[in-house]
Amino acid sequence: MRQNKMLLPTLREVPKDAEIVSHRLLLRAGLARMFAAGMYTYLPLGLRVLRKIEHIVREEMDKSGAQEILGSILQPAELWHTTGRWDDYGPEMMKMKDRHDRDFVLGPTHEELVTTLAKQEVNSYKRLPFNIYQVATKFRDERRPRFGMLRAREFTMKDAYSFHASYESLGETYDLMHKTYTSIFTRLGLNFRPVQADAGTIGGSGRNHEFMVLADIGEDTIAVCTHCDYAANLEKAEARYAAAGVAPTEDAPAYEKLHTPEIKTIDQLVESLNVEANTVIKTLVYLADGEAVAVVLRGDHEVNELKLQKFLGARTLELASHAEIERVTGVPSGFVGPVGLKIPVVIDRDVLGVSAGVAGANERDYHFQNVVAGRDFQTERVGDLRNAVVGDLCPHCEEGTLEFYRGIEVGHIFELGTKYSDSLGATFLNQDGKAQSFIMGCYGIGISRLITAVIEQNNDEKGIIWPMAVAPYQVHVIPVKVKDEEQMRLAEQLYNRLREQGVDVLLDDRDESAGVKFKDSDLIGLPVRVTVGKKAGEGIVEFTVRKTGEAKEVSLEQAYEEIMGLVAGH
RNA sequence: CGGAAUGUAGCGCAGCUUGGUAGCGCGCUCGCCUUGGGAGCGAGAGGUCCAGAGUUCGAAUCUCUGCAUUCCGACCA
């Protein structure tokens, strides 16, 4: 491609609404433009990156034996009513009506559609297992689109769905997809981790893993063991309970009341009573399916609402407001405690290790000290209800502790089981001649999100540093002075020769100053640059690797050989 | 959905307090000059000042309402 007429609008100044590095570079390097929150137009350069990522994903999926289809994005509401997800997904879905006032959905994911397809077209165990996928646009009406393309309302996703006659078969395909995803993200040059996660509204009965690209701007926190390969999303991460830390209750003195006017928060307690936060017993009030329940935690811990919801078996869970707290407990928030509390109480197990704690007295402006779990309040319902914290013991091995990273979720794989086939009545005849629900798995990759992830992990103060595998062009050829016939002739010669060999080359044939060309070249970040300058007459050019900045003067022939070596395999 | 900020030329911003001819830098067009790190000189083009209503002789500026974008949180995956 010649740069002169290309729609490649690089920006010198940073658009003020872009805060994170990848978003700024996306705009500055002329890859895409935003027209409304969470909606982007890919420009030529950005589209090439998207296509290259898609290509790698397709190659690896095809290699795994999966078959590509393309489903309708517009879907009738009935499908979603049948599985109950019209309500479960709720406002996250883009909904619309046609001229007959019938409801439709712009698909946020395609389990309903593909399961229905299988129901209609496959009716024998002899056709199983199979795995079908598509690369398609998805719509989600996000409450808050942000971070550029990281959380968009319209985005490109690869989604795959596998169908099986047995759980063994599902497990095999799940493992294969795990391997396939690992190959894909490795080829993209990403630093990533597969982690255990929550299945969310996709649901499912079996295993599920998220593939996380490590990056500070990631929206998720992941807990990783220092010793073994345990890694989990914080929403899911367990901490091994150190039972040895439980103190004997007999030794503690009886609890007594303290006057603590206007002392409501843990921080205030820690300061005014001169105690450690880990000896404070805090009590939060939640509404689980509308019923009040008190959650008791150590002062330095945070409740994990997913764990709590599962522990309670609740369908909905929300933190009670100050008014509701006072209504159900009779005490203003800040002074609620487990001793003598009237509403049901659940306790995080680490509270059992607090030997003589400080807790709310269920009376305005008073706390108790020397409170002991089991002696002073009931401990019938105890569980792991808190977020793991740095330094917690690994739940998986004997030696490690947990450390935290931020991650961008770029893939998620699920063992679904029969959730969708059951509700949609998607069955096949098994070997015994009986109707059986398909056993399913599903596997997603956020293709457009990967662009953000790649940029986030591959940039410097000058711009993007594309890995060869996804670079929009592999080589940037820059004649410094386009009016110099010698320079242009040499540059064109290299450009044409590389193109004939199938190398993606961008030729900067703009009549711009050298400075402008170099700045743009660094910003766009193609892996290799060949500068044709003053020594063009001698057949000498400069060969530069963007990543290392390493530059050397070589003959045109040497430059060609170096490039062919670097692009080999891509 | 709660909190905060911002909206003026393609991009980045000033002007608003104290109402009176809409400005700067970059980019863009033309000419000259220049071509190894966002050059220089000269001449130009480009604006419903987010929208609507109000106050006023007069509103980018004051008031109200709405919309949009961004950030924090909640939420989602």
Side-chain angles (χ1 to χ4, degrees), chain A residues 7 9-20 23-24 27-28 30 33-39 85 88-93 108-109 138 140-148 150-153 155 157 159 195 197-204 208-212 217-222 233-236 305-306 309 316-319 321 407-414 442 444-446 449 462-463 478-484 486-488 508-524 529-536 540-542 544 549 551 553:
Chain A
L7 183 56
T10 54
L11 302 175
R12 293 192 181 194
E13 283 175 284
V14 182
K16 68 171 175 184
D17 286 340
E19 297 228 338
I20 63 167
H23 191 199
R24 286 209 288 254
L27 299 171
R28 284 195 62 213
R33 288 292 180 262
M34 184 184 91
F35 286 92
M39 293 175 234
R85 287 210 294 181
D88 284 353
Y89 238 102
E92 295 288 309
M93 282 200 296
T109 171
K138 297 278 182 290
R140 290 187 190 172
D141 191 1
E142 297 285 353
R143 283 180 189 211
R144 186 181 164 204
R146 61 172 157 180
F147 294 153
L150 194 56
R151 182 159 294 269
R153 290 194 281 190
F155 58 98
M157 181 173 172
D159 46 326
V195 306
D198 182 72
T201 47
I202 302 290
N208 82 88
H209 283 88
E210 289 172 331
F211 285 77
M212 290 286 184
I217 59 141
E219 295 183 285
D220 295 84
T221 300
I222 60 180
N233 194 311
L234 181 60
E235 69 191 8
K236 177 86 172 178
E305 295 191 355
L306 270 165
Q309 188 167 3
T316 66
L317 182 73
E318 59 179 330
L319 201 55
S321 69
I408 300 170
E409 180 193 345
V410 292
H412 202 163
I413 60 178
F414 305 79
C442 75
I445 290 180
R449 181 177 278 189
K462 294 177 182 171
I478 302 181
V480 172
K481 194 171 167 182
V482 297
K483 286 176 178 159
D484 182 312
E486 197 80 61
Q487 292 185 19
M488 271 312 281
D508 190 353
D509 56 346
R510 298 175 300 166
D511 184 14
E512 291 283 356
S513 72
V516 170
K517 291 184 166 197
F518 291 143
K519 291 287 185 190
D520 273 347
S521 179
D522 289 335
L523 178 60
I524 294 167
R529 176 161 88 207
V530 177
T531 310
V532 183
K534 282 175 181 153
K535 293 189 179 171
I540 302 291
V541 298
E542 185 186 73
T544 313
E553 291 196 334

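So you know, we letter chains A, B, ... as the sequences are listed, proteins then strands, and number each from 1. Only a predicted model underlies this, so the values are computations on that prediction, with no experimental measurement involved.
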First-last contacting nucleotides on RNA chain B - partner chain A, under 4.0 angstrom, heavy atom: B/U6 to B/A77

Looking at [N], which nucleotide sits across from it as a Watson-Crick or G-U wobble partner, both distances under 3.5 angstrom, or is there none?
N     : result
B/C13 : B/G23
B/G44 : B/C28
B/G36 : none
B/A51 : B/U65
B/A4  : B/U70
B/U56 : none

Tell me every residue that passes side chain to side chain contact (heavy atoms under 4.5 Å, CB included) with [X], counting only those two or more places apart in sequence or in another chain.
X        : value
A/Arg12  : A/Val516
A/Lys534 : none
A/Thr531 : A/Val480, A/Phe518, A/Arg529, A/Glu542
A/Lys519 : none

Expressed as a whole number of Å, how far does the [atom1] atom of [N] sit from that of [M]?
N     : M     : atom1 : answer
B/A45 : B/G31 : C1'   : 15 Å
B/G46 : B/C1  : P     : 42 Å
B/G15 : B/U61 : P     : 15 Å

Side-chain donor/acceptor of A/Arg28 to backbone N/O of A/Glu13, under 3.5 Å: no

Qualifying residues under salt bridge (charged side-chain N to carboxylate O under 4.0 Å, His left out), relative to A/Lys16, sequence neighbours excluded: none

